[in-house]
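Okay, so here's the structure we're looking at.
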Amino acid sequence: MSNLLANLNTEQLQAVTLPAQHGLILAGAGSGKTRVLTTRIAWLIQSGQVDPAGILAVTFTNKSAKEMLARLATMLPVSTRGMWVGTFHGLSNRLLRAHHRDAGLPQLFQILDSADQLAAIKRLLKTLNVDDEKFPPRELQQFINGQKDAGIRAHAVEAWDDYTRQRVQLYQEYESQCQREAVVDFAELLLRSYELLERNEPLRRHYQRRFRHILVDEFQDTNRLQYRWLKLFADEGREGGAAMFCVGDDDQSIYRFRGAEVGNMLDFEREFRVPNVIRLEQNYRSHSNILDAANAVIRHNTKRLGKNLWTDQGAGEPIRVYEAFADGDEARWIVEEVQALVREGALRSEIALLYRSNAQSRVLEHQLFSAAIPYRVYGGLRFFERQEIKHALAYLRLIANEDDDTSFARVVNFPTRGIGARSLELLSDAARTYNTSFYATVPHLSGKPGSVLAQFVRLVEDMRRDTAGLPLPEVVDHVLDHSGLRAHYKADKDGRERLENLDELLNAAAYFAAEVQVNARTDADSEVDARMQAHAQLADFLAHASLEAGDHQADQGADAVQLMTVHSAKGLEFNAVFLSGLEEGLFPHENSILESDGLEEERRLMYVAVTRARERLYLSFAQSRMLHGQTRYNLRSRFLEEIPTELVKWLTPPNPRSAAGGAMGGVGGGYFKPSAPVPLERAPRPSFATLPNGLKIGQSVSHAKFGQGVIVAAEGSGTDAKVQIKFETAGVKWLLLAVAKLEAV
DNA sequence: TAATCGTTGGTTTTT
DNA sequence: CCAACGATTA
């Protein structure tokens with residue numbers, strides 16, 4: 001045990017060994033938050049204060065749940081069996097499966113991910129003949145999820161205007177549709193399990209007695225419903241309830257836009273009369289120049305619980321700041337700098353290129369690609385979100401739950417079987433009159449549509465029959481073959497990658513089944529009925545696929561430069577970090593300036609970005625940037641001005657003209673702001689009539705390599721000026737005037 | 001049913 | 001500018 005607690009600092013030790021009371025741990029970036037959380041669990045168990053089954057540990061992502069379990073495994077000699085560690089959604093799912101009857105759900109209910117939910121809403125609007133211009137599906141989705149995240153059912157929504165009343169009605173209709181189809185969306189998992197425990201006292205008491213310690217990671221990211229969910233387990237903090245141990249950092253709360261309530265931290269402290277509030281302020285990640293910059297920036301926020309990070313690692317290198325003319329130049333400079341770092345022996349995977357919005361990755365990728373530097377972009381399609389995977393899963397879901405109309409509609413004509421929009425409309429109408437699922441409605445139909453649909457139903461029936469009792473991987477394999485998916489992609493000339501992904505799905509199923517085997521042997525908690533096994537395991541796998549969409553990209557092994565948004569960088573760290581696009585309107589984002597407290601959230605985002613760096617931090621911005629097909633001229637971000645001058649080393653001469661208004665004394669400090677001349681956003685627009693070299697649109701020119709052509713368009717000015725030329729033989733091309741040697745003909 | 005054209009909109013994201 | 005989606009057409 002002494003081993004367990006070795007090398008903890010005073011505050012960490014205090015947090016880890018807190019008595020069985022509520023605790024709020026304000027853990028700054030890089031202060032060893034995860035370590036404290038896991039060590040506390042290990043300590044509680046090892047010191048005999050609690051049985052593993054008395055632990056409930058909640059995280060936001062599967063990744064952190066896994067990491068926690070992995071670390072626990074190295075700390076504890078006993079197995080983690082009986083412990084509940086997982087995401088809010090994963091644990092809710094577990095609860096609902098175990099008590100599906102009490103929750104009013106069939107055992108094999110399916111989980112809708114966001115895309116499925118959107119499809120379900122679109123389908124609903126169609127069947128109800130609702131104008132989707134008046135009720136945009138996306139907005140409706142947000143509305144419904146927003147209500148659910150606040151714990152509000154359709155009947156309880158306060159609607160003061162007609163529009164809201166109509167949306168509430170659609171919310172209600174959506175609910176009925178989900179119930180009819182035995183599907184549950186993400187927000188519903190939470191709400192349903194919350195209501196289950198709230199209404200079922202014996203069950204609630206059971207879990208309240210069972211879990212003696214509830215530990216929550218990233219507490220600042222909880223939404224209202226999640227907080228209430230936790231309170232339910234903790235018996236509202238009453239005497240005899242579980243001890244709540246919440247770890248979070250209000251300064252890293254960057255998900256308000258999706259419902260996170262930092263206020264939960266204050267509410268928790270107040271409502272639970274938390275006797276222990278501990279601040280972890282020693283940072284083990286970054287040199288002090290970087291930390292000081294982060295502290296200086298976040299100090300500008302008013303709504304804080306208050307915290308100041310420090311380190312004993314020394315000042316380290318200055319923060320490097322670079323001003324570029326255009327986004328392309330900025331990217332080129334970043335890539336050169338990356339190359340220099342790599343030459344000095346840096347690992348590419350230890351270099352991160354961060355940006356505020358995904359669109360910015362394009363320029364960076366372009367330059368990296370030209371320089372042949374391996375890179376990896378985070379974000380984008382994840383494994384279980386791929387088209388071919390979703391198709392395969394839809395077949396599997398139909399086997400588990402034939403009432404899942406979303407899945408039915410998805411694959412009824414994929415691969416094509418001559419079932420078009422016409423037949424589907426017919427079916428949808430009939431389903432409405434009979435009030436049955438698509439699947440169950442098919443026998444009611446006659447004629448040609450009836451028979452092709454019946455054939456499809458027979459296909460699913462056959463697959464269900466033939467896979468009954470088979471091990472999961474064989475079920476998947478069978479379905480891939482008999483659904484025609486494999487054949488379809490084999491025939492498709494660019495289907496190779498999709499075929500490989502389908503094989504990967506097979507691997508995932510095999511892996512999953514093996515994992516379940518292991519757990520079933522060790523998990524005393526599960527009482528699995530062998531007869532239910534086969535298809536229950538299928539349902540578990542499908543839930544797993546929905547809840548854990550898999551990684552964004554497969555090639556993790558390679559040593560590649562890491563590209564991602566600041567949001568996705570949260571929780572990660574790198575030796576060198578490049579933060580690009582530090583411009584007003586971009587970061588802070590223009591939309592955030594209108595939102596109340598939006599700027600403070602942007603600043604927290606900046607704080608997160610800066611604290612990702614261990615040794616080197618580069619900040620850069622460009623005077624002009626291509627956005628939405630237009631060149632925009634931005635001032636540098638106000639966040640730059642918030643960093644004390646002495647921490648910074650300018651790689652380009654500090655330019656007062658690109659400084660944003662506001663606080664002086666930061667990076668741009670000491671420079672007088674000129675009153676009159678040329679705000680950069682008024683930079684001259686390119687003239688299309690006459691181009692720098694005396695060329696005109698419509699003019700015939702000749703090019704050494706491409707031959708004769710006509711100028712059809714022009715864009716940009718100065719060294720950036722480009723012309724589009726339609727060549728007689730070489731096609732249409734964009735050429736840089738400064739580079740291409742053109743001769744008027 | 002597939003292919004093509006035109007329109008639209010374009011922070012951030014996990015479950 | 002460029003991707004994604006929807007509507008139209010072969």
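In the text below, chain A, chain B and the rest are named by the order of the sequence lines, each starting its count at 1.
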Practice item. May I ask you to check whether Q117(A) and N145(A) show a side-chain donor-acceptor distance below 3.5 Å? Key: yes
| Are OP1 or OP2 of dT15(B) and a side-chain N or O of R382(A) less than 4.0 angstrom apart? | yes
Over all strands shown, is I419(A) touching base, sugar-phosphate only, or nothing at heavy-atom distances under 4.0 angstrom?
sugar-phosphate
Please confirm whether the ring centroid of Y207(A) lies under 6.0 Å from the ring centroid of H99(A). yes
Quiz item: Checking all strands, does N413(A) fall into the base, sugar-phosphate, or nothing category for heavy-atom contacts under 4.0 angstrom?
Solution: sugar-phosphate
Q | dA4(C) versus dT13(B) - spacing of their P atoms, nearest Å | A | 15 Å
R417(A) CZ to dA2(B) C1', in whole Å, measures 17 Å
Just checking, any donor-acceptor pair under 3.5 angstrom between side chains of N264(A) and T222(A)?
yes
Legend entry - Donor-acceptor pair between N501(A) and E388(A) side chains, under 3.5 angstrom: yes
>> Using OP1 and OP2 only, check whether a side-chain N or O of K122(A) sits under 4.0 Å from dG6(C).
In response: yes
Per the glycosidic torsion and the 90° limit around 0, nucleotide dT12(B) is anti
* Parallel under 30°, tilted from 30 to 60°, perpendicular over 60°: which one fits the rings of H544(A) and F541(A)? -> parallel
Here the distance between atom P of dT14(B) and atom CG of D217(A), to the nearest Å, is 16 Å
Taken to the nearest whole Å, CD/E188(A) to P/dT14(B) is 22 Å
Q) Looking at N62(A), does any N or O in its side chain come under 4.0 Å of the phosphate oxygens OP1/OP2 on dT15(B)? A) yes
Atom CZ of residue position R224(A) - does it have more than 12 heavy atoms of other residues, nucleotides or ligands inside 6.0 Å? no
**Study point:** R258(A) vs dT15(B): side-chain N/O to OP1/OP2 distance below 4.0 Å
**Key:** no
Distances under 3.5 Å between protein N/O atoms and the N/O atoms of nucleotides 9-11 of chain B, please, pair by pair.
| from | atom 1 | to | atom 2 | distance (Å) |
| --- | --- | --- | --- | --- |
| dT11(B) | O4' | H589(A) | NE2 | 3.3 |
| dT11(B) | O4 | E595(A) | OE2 | 2.6 |

To the nearest angstrom, the OH-P distance between Y255(A) and dT14(B) comes to 6 Å
S114(A) side-chain N/O to dT14(B) phosphate OP1/OP2 under 4.0 Å: no
Do the side chains of D492(A) and R498(A) get close enough for a salt bridge, i.e. N-O under 4.0 angstrom? no
E133(A) CD to dT8(B) C1', in whole Å, measures 11 Å
Atom NE2 of H544(A) and atom C1' of dT15(B) are separated, to the nearest Å, by 13 Å
> D185(A) and Y174(A): side-chain donor and acceptor closer than 3.5 Å?
Replying inline: yes
Rounded to whole Å, the NE2-C1' distance (H89(A) to dT13(B)) equals 12 Å
The residue, L605(A) or G420(A), whose nearest nucleotide of DNA chain B is more 5′ is G420(A)
Whole-Å distance, K66(A) NZ to dT14(B) P, equals 14 Å
